[in-house]
Amino acid sequence: MSIDEVLKISDLVTIHMPLTPETKNLSNAKSIARMKDDAVVLNMARGGIVNEEDMYEALKSGKIGGYASDVMEEELVDEGLDTKFHSPLIECDNFISSPHLGAQTVDASRDIGGYIIQKVKDALDLCAKYRHNQHRPSPSHRAPCYRPQRR
């Protein structure tokens, strides 16, 4: 089944892909026009995949029944919140936004915690290996080990 065929019959379209030059504005006036009337769209991927102006027009006209997004095209500017942020989507009653929490799941937190713990164990094992090695390498070849300063 092609993407066009899926769009024509789907009541709910969810977007989960990276933002690349190929996916930029993938959901636009043309693809929205192919969607089933009153479909609901969820973007849990990246801002910029959905053309916000085109989605605004589709929401206002009633072509799209609802749009929910965890991402916006321009979320941060200059490493902080843009105080001039404005998206026409905010004006739509059939638009829901969440504060880009996609990676803040129990599974994601567990996975990153496990990754960090493993990296700390690896570093400690490396330090212990060199500390207890009878044939110590020269200082220039030693692994960098953190040693707290005694006061």
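The residues of the chain are indexed from 1 along the displayed sequence.
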For A29, does its backbone N or O pair with a side-chain atom of D54 as donor and acceptor, under 3.5 Å? yes

Taking E73 for its side chain and E52 for its backbone only, find out whether a donor-acceptor pair lies under 3.5 Å. no

Minimum heavy-atom separation for [X] and [Y], please, with both atom names.
{"X": "A58", "Y": "I32", "value": "CB-CG2, 3.5 Å"}
{"X": "S10", "Y": "V6", "value": "OG-O, 2.6 Å"}
{"X": "K63", "Y": "A33", "value": "NZ-O, 3.5 Å"}
{"X": "G47", "Y": "V71", "value": "N-CG2, 3.3 Å"}
{"X": "K60", "Y": "E91", "value": "NZ-O, 4.3 Å"}
{"X": "M72", "Y": "S97", "value": "SD-OG, 4.4 Å"}

Neighbour count >12 (heavy atoms, 6.0 Å) for atom NZ, K8: no

Around atom CG of D93, are there more than 12 heavy atoms from other residues, nucleotides or ligands closer than 6.0 Å? no

Is there side-chain contact between [X] and [Y], with at least one heavy-atom pair below 4.5 Å?
{"X": "P88", "Y": "E53", "value": "yes"}
{"X": "S31", "Y": "L7", "value": "yes"}
{"X": "M55", "Y": "F95", "value": "no"}

Assigning hydrophobic clusters by single linkage (Ile, Leu, Val, Met, Phe, Trp, Tyr; side-chain heavy-atom cutoff under 4.5 Å), is I96 placed with L59? no

Common cluster, V41/I3, ILVMFWY with side-chain heavy-atom separation under 4.5 Å: yes

Residues forming a side chain to side chain contact (heavy atoms under 4.5 Å, CB included) with T23, sequence neighbours excluded: M17, L19, T20, I49

Separation between CE (M44) and CG (L42), nearest 0.5 Å, reads 5.0 Å

Among M35, K36, M1, exactly one meets side-chain contact (heavy atoms from CB on, under 4.5 Å) together with I9. Which residue is that? M1

